[in-house]
Engineer: 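Here's a structure for you.
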Amino acid sequence: MAQPENKPLVNVAKGIKSDTYPIWFLRQAGRYLPEYREIRAQMSFLELCRDPKKAAEVTIQPLKRFDLDAAIIFSDILIPPAHMGQTLTFGKGHGPLLTPHIRSSNDLAHLKHPDVEKEMGYVGDAITETKAQLGPNQTMIGFAGAPFTVASYMIEGSGSKTYSEVKKLMYQEPETFSSLLDMLAEVTSEYLSMQVKAGAEVLMLFDSWAGNLSSSDYSKYVLPSLIKLVEASSKNGVPLIYYSGQGSTNLSKLADLPVQVLAIDWRVSLSEAASLVGSHKTVNAFQGNLDPIILSWGDEALVREKVREVLDEAKKAQIKGHIFNVGHGVLPTTSPDAIKWAIDEIRNYKA
Ligand code: CP3
């Protein structure tokens with residue numbers, strides 16, 4: 001008979017105690033690894049995302065080096081807009097660019113709802129390919145951007161400091177704005193289901209730019225489509241992690257968001273986050289929240305001290321479960337040794 005599943009990340013996300021502390025790092029695959037740079041020298045980032053075998057290979061790279069509990073599929077939150085009628089490019093020296101911009105109801109009318117299985121099936125194939133290479137206790141994570149954060153890129157066409165165009169559409173054409181978010185919620189819901197069918201055991205939604213809104217605007221303009229998406233993805237039967245980037249403004253608004261894990265950055269401590277969220281019906285765990293820059297510039301003693309600080313905070317917060325992670329993506333300047341020290345500190349932590 002097959003052994004019962006014992007996956008620390010899945011267990012903690014479901015509210016089941018685990019003897020092993022679940023550990024993974026946002027952007028654990030990427031440019032800080034020489035073996036990743038070697039593959040990137042031969043193909044572009046998007047070619048890599050669209051090649052299931054190569055995407056699986058880079059997804060697994062960090063798991064070969066480090067004692068990690070999960071793999072997150074190598075892809076990007078801007079893949080869906082690239083199938084909805086926008087052109088996505090990643091140039092040298094700048095972040096992603098999406099054209100044409102979506103800034104009116106006329107622009108919105110030109111977007112299409114893609115055939116997710118057919119056009120984006122390569123992401124599912126990469127998940128299936130990766131999962132076959134995981135150890136028995138390792139978890140396969142699928143992901144997507146949350147509607148507001150993806151819409152921000154679609155409207156601005158790139159990252160932004162002020163989100164001026166996003167807020168312009170939001171305030172001047174609220175119906176267009178909410179139709180765009182609802183359309184993204186529908187496409188993303190199908191996209192996440194496809195990932196679960198392909199083998200994803202946990203899903204993560206990235207709302208990296210949600211912290212740019214006041215908490216009342218967040219409730220009014222962002223939460224409705226987000227709740228629709230989260231409710232639809234609950235039907236997949238796998239735990240959902242929601243990441244609200246850039247601080248604490250929205251944490252107090254999340255009491256009714258039916259997710260199992262809340263991921264936070266380092267701008268609030270785990271105990272502050274837990275008290276801001278307050279009582280919550282579905283959250284079993286918090287994920288985070290080491291400042292990733294420490295893994296670039298900290299010496300061994302500092303890395304270990306800062307990791308212990310996060311673990312002590314998790315204990316103090318009296319949260320049901322904690323998944324160790326960084327509060328935002330691992331940076332290209334990260335030292336692979338620092339990741340080793342961090343993991344070693346967690347594995348030997350005596351609470
Ligand atoms: O975590 C992982 O290992 C999985 C892969 C992953 C990537 N992007 C790969 C990537 C994930 C989960 C993402 C999510 C993502 N993408 C977010 C949400 C998380 C966050 O960072 O807030 C956002 C906002 C994006 C959009 C994006 N993609 C930006 C702004 C950039 C450029 C910045 C940069 O680091 O160069 C990307 C490119 C990107 N996505 C890279 C990787 C590994 C770098 C590509 C390369 O040149 O090799």
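Below, all heavy atoms of this structure are taken into account, side chains as well, without hydrogens, waters or symmetry copies. Whatever order the structure lists ligands and atoms in, that order sets their numbers, starting from 1.
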Engineer: Check whether Gln61 reaches the backbone of Glu35 with its side chain - one donor and one acceptor, N or O, closer than 3.5 Å.
Structural biologist: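 It does hold such a pair.
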Engineer: Below the 3.5 angstrom mark, is there an N/O of Arg40, backbone or side chain, next to an N/O of ligand 1?
Structural biologist: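 Yes; at least one N/O pair falls below 3.5 Å.
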Engineer: Are the ring centres of Phe206 and Phe143 closer than 6.0 Å?
Structural biologist: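 Centroid separation for Phe206 and Phe143: below 6.0 Å.
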Engineer: If I apply the N/O under 3.5 Å rule, does Ser208 come out as touching ligand 1?
Structural biologist: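 N/O-N/O distance below 3.5 Å exists for this pair.
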Engineer: How does Ile73 reach ligand 1, if at all, at less than 4.0 Å between non-hydrogen atoms: by side chain, backbone, both, or neither?
Structural biologist: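 Contact part for Ile73 vs ligand 1: backbone (N, CA, C, O).
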Engineer: Parallel, tilted or perpendicular: which describes the rings of Tyr163 and Trp209, with under 30° parallel and over 60° perpendicular?
Structural biologist: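 Rings of Tyr163 and Trp209: tilted, as their planes differ by 30° to 60°.
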Engineer: Quick one about Asn11 and Asn6 (side-chain donor to acceptor, distance below 3.5 Å, no hydrogens or angles considered), yes or no?
Structural biologist: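 Yes, side-chain donor-acceptor contact under 3.5 Å.
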Engineer: Given Met154, which of Val166, Leu98, Leu78 fulfils the side-chain contact (heavy atoms from CB on, under 4.5 Å) condition?
Structural biologist: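 Exactly one option meets the side-chain contact (heavy atoms from CB on, under 4.5 Å) with Met154, and it is Leu98.
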Engineer: As an exercise, identify every atom of ligand 1 less than 4.0 angstrom from a heavy atom of Phe206.
Structural biologist: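 Taking each heavy atom of Phe206 in turn, ligand 1 has 12 (C), 18 (C), 19 (C) under 4.0 Å.
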Engineer: Under 4.0 Å from ligand 1, counting heavy atoms only, is it the side chain of Met204, its backbone, both or neither?
Structural biologist: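 Under 4.0 Å from ligand 1, Met204 contributes no heavy atoms.
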Engineer: To check your reading of the model: name the closest protein heavy atom to atom 20 (C) of ligand 1, its residue, and the distance in Å.
Structural biologist: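 Result for atom 20 (C) of ligand 1: His328 NE2, 3.0 Å.
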Engineer: Within less than 4.0 angstrom of ligand 1, does Val330 place any heavy atom?
Structural biologist: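 No, that is not the case, since the closest heavy atom of the residue is not under 4.0 Å from the ligand.
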Engineer: Name the closest protein heavy atom to atom 45 (C) of ligand 1, giving the residue it belongs to and the distance to 0.1 Å.
Structural biologist: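 Of the protein heavy atoms, Phe45 CD1, 3.5 Å lies nearest.
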Engineer: Counting from 1, what ligand 1 atoms have a heavy atom of Pro96 closer than 4.0 Å?
Structural biologist: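 So the atoms of ligand 1 that pass are 27 (C), 29 (C), 30 (C), 31 (C), 32 (C).
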Engineer: Mind checking whether Asp76 has an N or O less than 3.5 Å away from an N or O of ligand 1?
Structural biologist: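 Checking ligand 1 against Asp76, an N or O pair does fall under 3.5 Å apart.
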Engineer: Of the non-hydrogen atoms in Lys14 and Asn284, which two are nearest, and what is the gap between them?
Structural biologist: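 That would be C-ND2, 3.3 Å.
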Engineer: Are Ala29 and ligand 1 in contact, using a heavy-atom cut-off of under 4.0 Å?
Structural biologist: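 Per 4.0 Å heavy-atom rule, Ala29 contacts ligand 1.
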Engineer: In terms of side-chain heavy atoms, does Gln246 have a donor or acceptor partner in Asn212 at a distance below 3.5 Å?
Structural biologist: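 Side chains of Gln246 and Asn212: pair found under 3.5 Å.
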Engineer: Quick one: which of Thr59, Ile77, Leu33 has a heavy atom closest to atom 25 (C) of ligand 1?
Structural biologist: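 Closest candidate by heavy-atom distance is Ile77.
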Engineer: What residue and atom, counting heavy atoms only, is the protein's closest point to atom 48 (O) of ligand 1, and at what distance?
Structural biologist: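 Answer for atom 48 (O) of ligand 1: Tyr36 OH, 2.5 Å.
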Engineer: Would you call the rings of His83 and Tyr122 parallel, tilted or perpendicular, where under 30° means parallel and over 60° means perpendicular?
Structural biologist: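 Answer is tilted, since the angle falls between 30° and 60°.
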Engineer: Applying a strict under-4.5 Å side-chain criterion to I, L, V, M, F, W and Y, I'd like to know whether Ile39 and Phe74 cluster together.
Structural biologist: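 Yes, Ile39 connects to Phe74 through the hydrophobic network.
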Engineer: Give me the nearest non-hydrogen protein atom to atom 3 (O) of ligand 1 as residue plus atom name, then the distance to 0.1 Å.
Structural biologist: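 For atom 3 (O) of ligand 1, the nearest protein heavy atom is Arg27 CA, 3.1 Å.
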Engineer: At a 4.0 Å threshold, what atoms of ligand 1 neighbour a non-hydrogen atom of Phe74?
Structural biologist: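 With Phe74 as reference, the close atoms of ligand 1 come out as 43 (C).
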Engineer: Give me the residue, atom name and distance of the protein heavy atom closest to atom 37 (C) of ligand 1.
Structural biologist: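 Protein heavy atom at minimum distance: Phe90 CE2, 3.4 Å.
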Engineer: Among protein heavy atoms, which sits nearest to atom 11 (C) of ligand 1, and what does the distance come to when rounded to 0.1 Å?
Structural biologist: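 For atom 11 (C) of ligand 1, the nearest protein heavy atom is Phe143 CZ, 3.6 Å.
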Engineer: Are Phe25 and ligand 1 in contact, using a heavy-atom cut-off of under 4.0 Å?
Structural biologist: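 Flag not set, Phe25 not near ligand 1.
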Engineer: Number the atoms of ligand 1 from 1 as they appear, then name those within less than 4.0 Å of a heavy atom of Leu26, with their elements.
Structural biologist: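 Here the atoms of ligand 1 in question are 1 (O).
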Engineer: Among all the protein's non-hydrogen atoms, which is closest to atom 35 (O) of ligand 1, and how far away is it?
Structural biologist: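 For this ligand atom, the closest protein heavy atom is Arg31 NH2, 2.6 Å.
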Engineer: For atom 5 (C) of ligand 1, which protein heavy atom lies nearest, and how many Å away is it?
Structural biologist: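 Closest protein heavy atom to atom 5 (C) of ligand 1: Ser75 O, 3.7 Å.
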